[in-house]
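Just so we're clear, the structure is a prediction, and the values are computed from it rather than from any experiment.
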Amino acid sequence: YSLTLRDHDQFAENTKFEEIYRLYNFDARLRNFVLKYSAPIETTLRARMAYIHAKNHGALGYMDNKNFKDQWLHAHFLSKIKKLLDTSKEAFVLHHRNDLNDEFPLWVAVEVMTFDVASKCLQNMLASDQSEMAGLYGIRTKFLVNWMKCAVIARNIAAHCGRFYN
């Protein structure tokens, strides 16, 4: 945190430790702010994505690559979802695994998705689905996709106690 207060490893005149400590505290508060407000963004994204995609393509439509732009990205997405579902011990996942023939409607699968997986799914959704999603937020599609990527990066920095300042 002191890098901006130094030049060639020499502190600027009158630099105090308290200034460095204030920068550290500012960064910690910013991290907490990002964590606090990224959680509802993530939850809302997953819920709205599940609603729109299932409404337009059916409960298991997310399994079909024709409902996405890029087949390779879709295959990668499915492998991530499968891994998340296979390792989950959540009661709702076990119920679908044991009692419902291992079929996971999208509204179940989104519950185990990470923010990153959900964001990448959004990026690969058909343009019409993305547009419908963006309409729920009252913004243009390109902004929704970009903002979600940024939100994932910021949340990951905050969650891993990374630095925002400088």
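- Ring-plane geometry between Phe33 and Tyr37 is classed as tilted, the angle between the planes lying from 30 to 60 degrees on a 0 to 90 degree scale.
- At most 12 non-hydrogen atoms from other residues, nucleotides or ligands lie less than 6.0 angstrom from NZ of Lys83.
- When all heavy atoms are compared, the tightest approach of Asn67 to Gly61 is ND2-O, 2.8 Å.
- What you find for Val152 and Ser119 is that their closest heavy atoms are CG2-CB, 3.6 Å.
- The closest side-chain heavy-atom distance from Leu106 to Met113 is below 4.5 Å.
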- CA sep, side-chain torsions, deciding dist, call: Ile139, Trp147, side chain to side chain contact (heavy atoms under 4.5 Å, CB included): CA-CA 11 Å; Ile139 59 175; Trp147 291 350; 3.6 Å; yes
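- Judged by a 6.0 Å distance limit and a 45° cone about the ring axis, Arg6 is positioned over the six-membered ring of Phe11.
- A chain of hydrophobic side-chain contacts below 4.5 Å, direct or via other Ile, Leu, Val, Met, Phe, Trp or Tyr residues, connects Met49 to Phe143.
- Here Glu42 pairs with Arg46 in a salt bridge; the nearest charged N to carboxylate O distance falls below 4.0 Å.
- Met148 and Ile157 are assigned to two separate hydrophobic clusters, defined by single-linkage of ILVMFWY side chains at heavy-atom distances under 4.5 Å.
- Without hydrogens or angle criteria, Asn124 side chain to Asp70 main chain gives a donor-acceptor distance under 3.5 Å.
- If you check the side chains of His74 and Asp64, you find no donor sitting under 3.5 Å from an acceptor.
- Using a 30° and 60° split on the angle between ring planes, Trp72 and His76 fall in the parallel class, below 30°.
- Tracing side-chain contacts under 4.5 Å through hydrophobic residues (I, L, V, M, F, W, Y), one reaches Leu60 starting from Trp107; they form part of the same cluster.
- Leu84 and Thr114 make their closest contact through CD1-N, 4.2 Å (heavy atoms, listed as atom of the first residue, atom of the second, distance).
- A donor atom on one side chain and an acceptor atom on the other are found under 3.5 Å apart for Asp27 and Tyr1.
- Side-chain contact between Leu136 and Ile52: present, with at least one pair of heavy atoms (C-beta onward) separated by less than 4.5 Å.
- Residues Ser2 and Ile20 share a closest heavy-atom pair of CB-CD1, 3.5 Å.
- Contact of the Ile81 side chain with the Phe77 side chain is registered, since non-hydrogen atoms from C-beta on lie closer than 4.5 Å.
- Linking Ile, Leu, Val, Met, Phe, Trp and Tyr whenever their side-chain heavy atoms come within less than 4.5 Å puts Val117 and Val145 in one cluster.
- Atom CG of Asn101 is surrounded by 12 or fewer heavy atoms from other residues, nucleotides or ligands within 6.0 Å.
- Contact of the His53 side chain with the Met125 side chain is registered, since non-hydrogen atoms from C-beta on lie closer than 4.5 Å.
- For the residue pair Asp129 and Asn56, a side-chain donor N or O sits within less than 3.5 Å of a side-chain acceptor on the partner.
- Geometric assessment of Arg31 against the ring of Phe164 yields a negative cation-pi assignment under the 6.0 Å and 45° thresholds.
- Linking ILVMFWY side-chain heavy atoms closer than 4.5 Å, directly or via other members, places Tyr24 and Phe26 in a single hydrophobic cluster.
- A 6.0 Å sphere centred on NZ of Lys82 holds no more than 12 heavy atoms belonging to other residues, nucleotides or ligands.
- The shortest distance between side-chain heavy atoms of Tyr62 and Phe68 falls below 4.5 Å.
- Not a single donor-acceptor pair under 3.5 Å links the side chain of Ser131 to the backbone N or O of Ala127.
- Other residues, nucleotides and ligands contribute at most 12 non-hydrogen atoms within 6.0 Å of the OH atom of Tyr21.
- Using modelled atom types and a 3.5 Å distance limit, the side chains of Gln130 and Lys142 yield no donor-acceptor pair.
- Proximity of Met133 to Tyr51: side-chain heavy atoms (C-beta onward) are nowhere separated by under 4.5 Å.
- Side-chain contact between Phe115 and Leu45 is present, with at least one heavy-atom pair separated by less than 4.5 Å.
- For the residue pair Thr44/Tyr137, the side-chain donor-acceptor check at 3.5 Å is not satisfied.
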- Check step by step if side chain to side chain contact (heavy atoms under 4.5 Å, CB included) holds for Leu73 and Lys69. CA-CA 8 Å; Leu73 292 175; Lys69 294 177 187 176; over 6 Å; no
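- The aromatic rings of His96 and Phe104 sit tilted relative to each other, their planes meeting at an angle between 30° and 60°.
- Listed for the Ser38 side chain is a donor-acceptor partner under 3.5 Å among the backbone atoms of Val34.
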